Amino acid sequence: MSFDHLMPAQDIVEKSGRVAVLMGGTSAEREVSLTSGRFVLEALIDAGVDAFKVDIQQNKLQQLIELKADRVFNILHGRGGEDGEIQAILEVLNIPYTGSGVKACAVTMDKLMTKRLLLGCGLSTPAFMEIKSKKDCEKVLNSMQLPLIIKPVNEGSSIGMTKVTRNEQLVPAYELASQYGTVMAEQWIVGKEFTVSWLDKTILPFCKIETPHDFYDYDAKYQASDTAYIFPCGLDEVQQEILRQLVLEIIDICDLRHWGRADFMMNSEGEFLVIDVNTIPGMTDHSLVPMAAKQAGLNFQQLVLKLLELTLEVETQHV
Ligand SMILES: Nc1ncnc2c1ncn2[C@@H]1O[C@H](COP(=O)(O)OP(=O)(O)O)[C@@H](O)[C@H]1O
Ligand SMILES: [Mg+2]
């Protein structure tokens with residue numbers, strides 16, 4: 001799974017022109033995005049790219065109209081940046097950008113829609129129910145087995161999520177998640193967690209995640225030093241091939257572009273259940289895509305330059 005098709009860095013720098021690195025934004029993942037953005041910007045500038053920071057605010061349309069950039073490195077996470085909105089503005093302005101397009105971002109930012117789409121295509125995902133009101137909590141308890149995980153449908157970074165093991169925990173969990181919009185209950189899967197990153201046409205080495213926390217929560221993601229990121233992931237050849245094919249199907253079904261990451265739980269039968277598809281994964285020093293890229297022989301700067309290179313391809317395709 002090594003990575004050998006790279007354009008010389010100097011060529012990328014020369015062809016890229018002025019690069020706006022979009023970060024921050026107004027989603028709950030603002031802080032994570034600012035950290036990702038700082039690392040990306042530093043790597044681009046170190047490589048000699050004429051890159052600059054744009055902290056996206058409420059008036060994003062105006063900001064992008066006035067951008068004066070040849071292309072965009074989009075490292076916004078969450079709503080407003082990873083959900084098709086920014087992508088649509090950039091399409092209209094005809095500015096090439098890193099990552100998936102409008103439709104793929106809009107669908108995958110919505111966990112319910114993603115699950116329904118993937119289920120419709122025959123892929124496995126844990127059982128789930130949308131919770132539209134407090135009253136629905138009763139229905140959930142009548143039709144699903146505990147434990148559950150309660151999730152905001154349109155968030156990332158494990159924000160607003162709770163594991164529910166007792167009936168009385170459900171309403172408070174719903175209330176917490178509902179601060180972020182639509183909510184769903186998902187069957188808690190006891191098993192191993194794997195995450196799979198990809199870059200261009202390459203599926204990067206799989207990572208097994210282990211945490212002493214109940215699950216891979218915000219703290220385990222960005223602060224804790226006791227989260228284990230395990231490469232090689234311990235799956236045998238056959239299992240790896242199954243997971244690889246699954247990820248290729250997800251890329252195809254969701255129409256993903258350039259890069260991304262999908263998260264899976266493996267149940268007691270050894271079946272992989274997809275739980276999350278990300279179009280703009282984290283690029284912090286604790287993040288999974290840079291770790292997986294490193295396993296494939298690509299350092300952080302090469303990863304960032306590869307993403308920039310992919311925006312050059314888009315331009316060529318359009319001509
Ligand atoms: N159905 C589930 N069963 C067990 N753990 C889960 C389940 N869904 C999510 N988790 C845990 O919660 C974490 C965050 O969930 P995920 O759906 O990936 O949302 P996010 O978009 O916040 O990353 C996962 O990495 C995993 O550790
Ligand atoms: Mg996730």
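Treat the numbers as computed from the prediction; the structure is a model and nothing was measured. Every number for a ligand or one of its atoms is a count from 1 in the order of the listing. The basis for the numbers below is simple: all heavy atoms, side chains too, and nothing from hydrogens, waters or symmetry mates.
- At least one N or O atom of Y216, backbone or side chain, sits closer than 3.5 Å to an N or O atom of ligand 1.
- Polar contact check, S157 against ligand 1: a nitrogen or oxygen pair lies under 3.5 Å apart.
- Distances below 4.0 Å separate heavy atoms of E186 from the following atoms of ligand 1: 1 (N), 2 (C), 7 (C), 8 (N).
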Which is it for V183 and V153 under the side chain to side chain contact (heavy atoms under 4.5 Å, CB included) test, yes or no, and what are the steps along the way?
CA-CA 5 Å; V183 179; V153 167; 5.6 Å; no
Would E130 and R116 count as a salt bridge (Lys or Arg N to Asp or Glu O under 4.0 Å) here? Give the steps.
CA-CA 11 Å; E130 185 175 353; R116 286 170 176 148; 3.6 Å; yes
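- Near the Mg ion (ligand 2), less than 2.8 Å away, sit the protein N, O or S atoms D263 OD2, D276 OD2.
- When only non-hydrogen protein atoms are considered, atom 12 (O) of ligand 1 lies nearest to F215 CD1, 3.2 Å.
- Contact annotation: for H77 versus ligand 1, there are no heavy atoms closer than 4.0 Å.
- In summary, K15 and E309 do not engage in a salt bridge, as defined by a charged side-chain N under 4.0 Å from a carboxylate O.
- Protein heavy atom at the shortest distance from atom 9 (C) of ligand 1 is K151 NZ, 3.3 Å.
- By the salt bridge (Lys or Arg N to Asp or Glu O under 4.0 Å) test, R38 pairs with no residue at all, sequence neighbours left out.
- The closest protein non-hydrogen atom to atom 5 (N) of ligand 1 is W188 CZ3, 3.6 Å.
- The distance from ligand 1 to the heavy atoms of E155 drops below 4.0 Å at these ligand atoms: 21 (O).
- The pair K134-E175 meets the salt-bridge criterion, with a side-chain N (NZ, NE, NH1 or NH2) lying under 4.0 Å from an Asp/Glu carboxylate O.
- Of all the atoms in ligand 1, the ones that sit under 4.0 Å from a non-hydrogen atom of M161 are 14 (C), 15 (O), 16 (P), 19 (O), 20 (P), 22 (O).
- Under a 4.0 Å N-O distance rule, the pair R79/E85 does not qualify as a salt bridge.
- Taken from OG1 in T311 to CZ in R257, the straight-line distance is 9.0 Å, to the nearest 0.5 Å.
- No cation-pi contact links K294 to F300, judged by a cut-off of 6.0 Å to the six-membered ring centre and 45° from its axis.
- Looking at D263 against ligand 1, only its side chain comes within 4.0 Å, counting heavy atoms.
- Among all non-hydrogen protein atoms, the one lying nearest atom 10 (N) of ligand 1 is I149 CD1, 3.7 Å.
- Annotation for D219 and H213: closest pair OD2-CE1, 3.1 Å, computed over non-hydrogen atoms.
- We find that R244 and E249 are not joined by a salt bridge, their nearest charged nitrogen and carboxylate oxygen being 4.0 Å or further apart.
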Step by step, would you call I56 with Q63 a side chain to side chain contact (heavy atoms under 4.5 Å, CB included)?
CA-CA 7 Å; I56 291 292; Q63 277 184 295; 3.8 Å; yes
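- When I159, L288, T195, D276 are checked for heavy-atom proximity to atom 20 (P) of ligand 1, D276 turns out nearest.
- Atom 21 (O) of ligand 1 has its closest protein heavy atom at K111 NZ, 2.7 Å.
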I'd like to know whether M161 forms a side chain to side chain contact (heavy atoms under 4.5 Å, CB included) with F215, so could you lay out the CA-CA distance, the side-chain angles of the two residues, the decisive distance to 0.1 Å, and finally the verdict.
CA-CA 10 Å; M161 289 190 190; F215 61 95; 4.0 Å; yes
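- Using a 4.0 Å cut-off between charged side-chain N and carboxylate O, E210 and K208 make a salt bridge.
- At least one N/O-N/O distance between I189 and ligand 1 falls below 3.5 Å.
- Contact check on R18 versus D70 returns no salt bridge, with no Lys/Arg side-chain nitrogen under 4.0 Å from an Asp/Glu carboxylate oxygen.
- Side-chain contact between W188 and P126 is absent, with no heavy atoms from C-beta onward closer than 4.5 Å.
- With E29, E193, K115 as candidates, the residue nearest to atom 24 (C) of ligand 1 on a non-hydrogen basis is E193.
- Within ligand 1, counting atoms from 1 as listed, the ones closer than 4.0 Å to a heavy atom of Q187 are 1 (N), 2 (C), 3 (N).
- Of the listed options S158, A262, G191, P152, S158 places a heavy atom closest to atom 14 (C) of ligand 1.
- The closest approach between any non-hydrogen atom of K163 and ligand 1 is not below 4.0 Å.
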